[in-house]
Amino acid sequence: MTLRLHDTASGRKEEFCPLEPGVVRLYTCGPTVWNTPHIGNYRTFLFFDLLRRHLAVRGYRLRHVMNITDVDDRIIEQAHTAGVGIDAYTRPYREAFFEDLDALRAQRAEHYPLATEHVPEMVRLIARLLDRGYAYEAEDGVYFRIASFPAYGRLSRLDRSGLRPGARVATDRYEKESATDFALWKRAQPIDEQVGAAWDAPFGRGRPGWHIECSAMAMAYLGETLDIHAGGVDLLFPHHENEVAQSEAATGERFVRFWLHSEHVSDSTGEKMSKSVGNIVTLRDLTAAGYDPLAVRLFLMGNAHYRSRLRLTEEALHAAAEQVRRLQDLADRLRGLEPGLRSDDAALYADALDARDAYLEALDDDLNLPAGLGHVFEVVRRANAALDAGRVGPAGREALLHLLETVDAHLDVLRRRDVELDDELRGLIAEREQARRARDFARADRIRDQLRDRGIVLEDTRQGVRWRRVER
RNA sequence: GGCGACGUAGCCAAGUGGUUAAGGCAGGGCUCUGCAAAAGCCCGAUCCCCAGUUCGAUUCUGGGCGUCGCCUCCA
């Protein structure tokens, strides 16, 4: 089976094949570092992670670029209010972003270019657009002339005549030929100078518009044509539409071969999570509530297909946490199995291999991880039953571990986080063991309840006591 | 107003023109256990409504109802 991906431009799943054999040029829209990202942002970033990992599973080398927008209106305003430059203002958010990516185990892209470090590339691109007549200078900046690009609106399927008239014109502070023309360059205002957000350019000192940043950096690192450009659906219009217009107008080449868009996360009522609505939940909120980042990872990545909306609820998060635990526990059981002592269940061996094929096939079908996990958990159940019955031998063990390894190439939840117990908790567990050996079960149970209240659950097994942390 | 998506068991969710509509969570019963936990077994669906196409539709078409998104900064 070949990898098929849903391309927004065609509206269909298309067979994926990179321009250059074996190498994928991937550009993904990264964060604007003006504030703490919320879970919705991370869903998108984990979608990128899933895409990356599956491309790697399919043998492609990756050239993945993810921009970091460190200059824009909000950053300038916030920095000014805080009385610092934009670099100082954005630094903590940039650092927090990478910390969160690590906590969620998102693989690193090959490049994370900062917008402020690629202004010359943007200036050159704007100059090119001016030369070719696709852009014009106005009093307050340089604009892209949408009327000069007939294909405008094709990607997002928006008819320009259908754009709601009025709103944008009435509120826009900038002067331009047409209401829908967008800024490539904004002339420096005093506030920009104060926070260090102004650069020299042939067409006047100023700062880049948001859209031009992605085109310039994508082309700087990956060339004029990208295999895949991905982002959240809310970027489809106008951001990606604008990127296509300015990039293709400048180069005359096709900018993107595959457009991939991931859906939103909504709150428990079904409304889109966004800063303006004020219903955002951050990763920190969830970890503070006792959720394992790996459960959050599985929830964001695998609870629903990336093109359908994901509703954040406690039940769904708990379900994800349980799935992580079940996978980890099965892996532990299999690793701890003494090889060679038991006979194999032939059917289970076949099931494990079949499930692995079905899993990979689901991933090849537009990254359908939820469907793939369905195949996997069916075998998880059978594997546990076989382990209970002592019917897992060397071959079955290998096949099952191979299946888990395959799944973990995407999920990456089997490496346990190092969670430590303090001496007091350790002491309590030892004390309970002593009580149990003395058959003082009342005392043992009391200690167990005590630990449960502190978020530690004990399991007595043949190999001795196991403990794990639980939510809250 | 324009464009679009979705509506599958208590919750999340995959999927298909036709033998039993994946899987997870939650819940109930049971096995195992000192008791638990874990694990396993058993238990759950008029596939939003109506009409049409078809030998046959949850799956296709049309209409309705509902939810949501984009058209403005937004992952």
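In what follows, chains carry the letters A, B, and so on, assigned in the order in which the sequence lines appear, proteins first and then strands, with residues in each chain numbered from 1.
Of the P atoms belonging to B:rU59 and B:rU54, the separation is 16 Å, rounded to the nearest Å. With P as the reference atom, B:rC50 and B:rA9 are 16 Å apart, rounded to whole Å. The separation of B:rA39 from B:rG69, taken at their C1' atoms, amounts to 43 Å, rounded to a whole angstrom. Spacing between B:rU8 and B:rG2 at atom P, rounded to whole Å, works out to 27 Å. B:rG44 and B:rC35 have their P atoms separated by 29 Å, with the value rounded to a whole Å. To the nearest whole angstrom, the two C1' atoms, one in B:rG23 and one in B:rG63, are 34 Å apart. Rounded to the nearest Å, the gap between the C1' atom of B:rU58 and that of B:rG7 is 12 Å. For the P atoms, the distance from B:rC25 to B:rA37 is 15 Å, rounded to whole Å.
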For nucleotides 58-62 of chain B, list the nitrogen or oxygen atoms of the protein found under 3.5 Å from its nitrogen or oxygen atoms, one pair per line.
none

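Backbone-only engagement by A:G232 is indicated by non-hydrogen atom pairs under 4.0 Å involving sugar-phosphate atoms exclusively. Contacts of A:H239 with the nucleic acid, taken as non-hydrogen atoms under 4.0 Å apart, are absent. A:H261 comes within 4.0 angstrom of nothing in the nucleic acid, heavy atoms only. Within 4.0 Å (heavy atoms only), A:G40 reaches at least one base atom of the nucleic acid. Among the protein residues, A:V376 comes within range of no part of the nucleic acid, since none of its heavy atoms lies under 4.0 Å from any strand. Counting any heavy atom pair closer than 4.0 Å across all strands shown, A:R43 reaches no nucleic acid atom. Counting any heavy atom pair closer than 4.0 Å across all strands shown, A:D234 reaches a base atom.
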Spell out protein contact along nucleotides 5-10 of chain B as letters: B when the base is contacted, S when just the sugar-phosphate is, - when no protein heavy atom is under 4.0 Å; keep the 5' to 3' order.
B----B
Per-nucleotide protein contact string for nucleotides 33-39 of chain B (B base, S sugar-phosphate only, - none; heavy atom under 4.0 Å):
-BBBBSS
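One interatomic measurement links the two molecules: OH of A:Y359 to P of B:rG23, which rounds to 18 Å at whole-angstrom precision. Atom CZ of A:R154 and atom C1' of B:rC3 are 17 Å apart (whole Å). Regarding A:H240, its NE2 atom lies at a distance of 14 Å from the P atom of B:rC73, rounded to whole Å. Regarding A:E378, its CD atom lies at a distance of 15 Å from the C1' atom of B:rC41, rounded to whole Å. Put simply, CG on A:L363 is 14 Å from P on B:rA14, counting in whole angstrom units. Regarding A:H264, its NE2 atom lies at a distance of 8 Å from the C1' atom of B:rC70, rounded to whole Å.
Ion pairing between A:R333 and A:D388 holds under the 4.0 Å rule for side-chain N and carboxylate O. Salt-bridge annotation for A:R452 and A:D449: absent, with no side-chain N of the basic residue lying under 4.0 Å from a carboxylate O of the acidic one.
For the residue pair A:D285/A:T282, the side-chain donor-acceptor check at 3.5 Å is satisfied.
No side-chain heavy atom of A:L155 sits less than 4.5 Å from a side-chain heavy atom of A:E243.
Toward the 5′ end of RNA chain B lies the nearest nucleotide of A:A319, the other residue of the pair A:R462 and A:A319 mapping further downstream. Toward the 5′ end of RNA chain B lies the nearest nucleotide of A:F299, the other residue of the pair A:H375 and A:F299 mapping further downstream.
In this structure A:D192 satisfies the salt bridge (Lys or Arg N to Asp or Glu O under 4.0 Å) test together with A:R207, sequence neighbours excluded. Residues satisfying the ring-ring contact (aromatic ring centres under 6.0 Å, His included) test with A:W210, not counting sequence neighbours, are A:H239. Applying the side-chain hydrogen bond (donor to acceptor under 3.5 Å, both in side chains) test to A:H54 and every residue at least two apart in sequence or in another chain returns A:D364, A:H410. Looking at residues two or more places apart in sequence or on another chain, you find a salt bridge (Lys or Arg N to Asp or Glu O under 4.0 Å) between A:E14 and A:R12. Judged as a side-chain hydrogen bond (donor to acceptor under 3.5 Å, both in side chains), and not counting sequence neighbours, the contacts of A:H261 are A:T8, A:H240. Taking the salt bridge (Lys or Arg N to Asp or Glu O under 4.0 Å) definition, one finds that A:R187 meets it with A:E137, sequence neighbours left out. Applying the salt bridge (Lys or Arg N to Asp or Glu O under 4.0 Å) criterion to A:R108, with sequence neighbours excluded, gives A:D102.
Judged by distance alone with a 3.5 Å cut-off, a donor-acceptor contact links the side chain of A:K272 to the base of B:rC74.
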Throw together a table of side-chain donor-acceptor distances under 3.5 angstrom for residues 65-72 of chain A, partners on residues two or more places apart or in other chains.
residue: A:N67; atom: OD1; partner: A:Y27; partner atom: OH; Å: 3.3
residue: A:N67; atom: OD1; partner: A:G30; partner atom: N; Å: 2.8
residue: A:N67; atom: ND2; partner: A:T69; partner atom: OG1; Å: 3.2
residue: A:N67; atom: ND2; partner: A:E213; partner atom: OE2; Å: 2.8
residue: A:T69; atom: OG1; partner: A:E213; partner atom: OE1; Å: 3.4
residue: A:T69; atom: OG1; partner: A:E213; partner atom: OE2; Å: 2.5
residue: A:D70; atom: OD1; partner: A:A115; partner atom: N; Å: 3.3
residue: A:D70; atom: OD1; partner: A:T116; partner atom: N; Å: 3.0
residue: A:D70; atom: OD1; partner: A:T116; partner atom: OG1; Å: 3.4
residue: A:D70; atom: OD2; partner: A:T116; partner atom: OG1; Å: 2.5
residue: A:D72; atom: OD1; partner: A:R74; partner atom: N; Å: 3.2
residue: A:D72; atom: OD1; partner: A:I75; partner atom: N; Å: 2.9
residue: A:D72; atom: OD2; partner: A:R74; partner atom: NE; Å: 3.0
residue: A:D72; atom: OD2; partner: A:R74; partner atom: NH2; Å: 3.0

Name each donor-acceptor pair under 3.5 Å that joins a side chain in residues 437-447 of chain A to protein atoms two or more places apart or in another chain, with its distance.
residue: A:D440; atom: OD1; partner: A:R443; partner atom: N; Å: 3.3
residue: A:R443; atom: NH2; partner: A:E431; partner atom: OE2; Å: 3.2
residue: A:D445; atom: OD1; partner: A:R448; partner atom: NH2; Å: 3.4

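Here B:rU54 sits opposite no nucleotide as a Watson-Crick or G-U wobble pair (both hydrogen-bonding atom distances under 3.5 Å). Across the strands present, B:rG66 finds its partner in B:rC6; the criterion is a Watson-Crick or G-U wobble pair with both atom distances under 3.5 angstrom. In a base pair of the Watson-Crick type (N1 to N3 plus N6-O4 or O6-N4) or a G-U wobble (N1-O2 and O6-N3), with each distance short of 3.5 Å, B:rG1 is matched with B:rC71. In this structure, B:rU33 makes no Watson-Crick or G-U wobble pair, since no nucleotide meets both defining distances under 3.5 angstrom.
Under the 30°/60° scheme for interplanar angles, the aromatic rings of A:H118 and A:Y221 are found to be tilted.
In the set B:rG24, B:rA13, B:rA75, B:rG24 carries the atom at the smallest distance from any side-chain atom of A:F377. Taking only side-chain atoms of A:H305, from C-beta outward, the nucleotide of B:rA14, B:rG24, B:rC74 with the closest atom is B:rA14. Closest approach to the A:E271 side chain among B:rG69, B:rC73, B:rA14 is made by B:rG69 (side chain taken as heavy atoms from C-beta onward). Relative to the side chain of A:F237, the nucleotides B:rA14, B:rC74, B:rC71 differ in distance, and B:rC71 lies closest.
A:R469 CZ: more than 12 foreign heavy atoms inside a 6.0 Å radius.
For A:S308 and B:rA14, the shortest distance from a side-chain N or O to OP1 or OP2 is below 4.0 Å. Phosphate proximity of B:rA26 to A:H318: present, with a side-chain N or O under 4.0 Å from OP1 or OP2.
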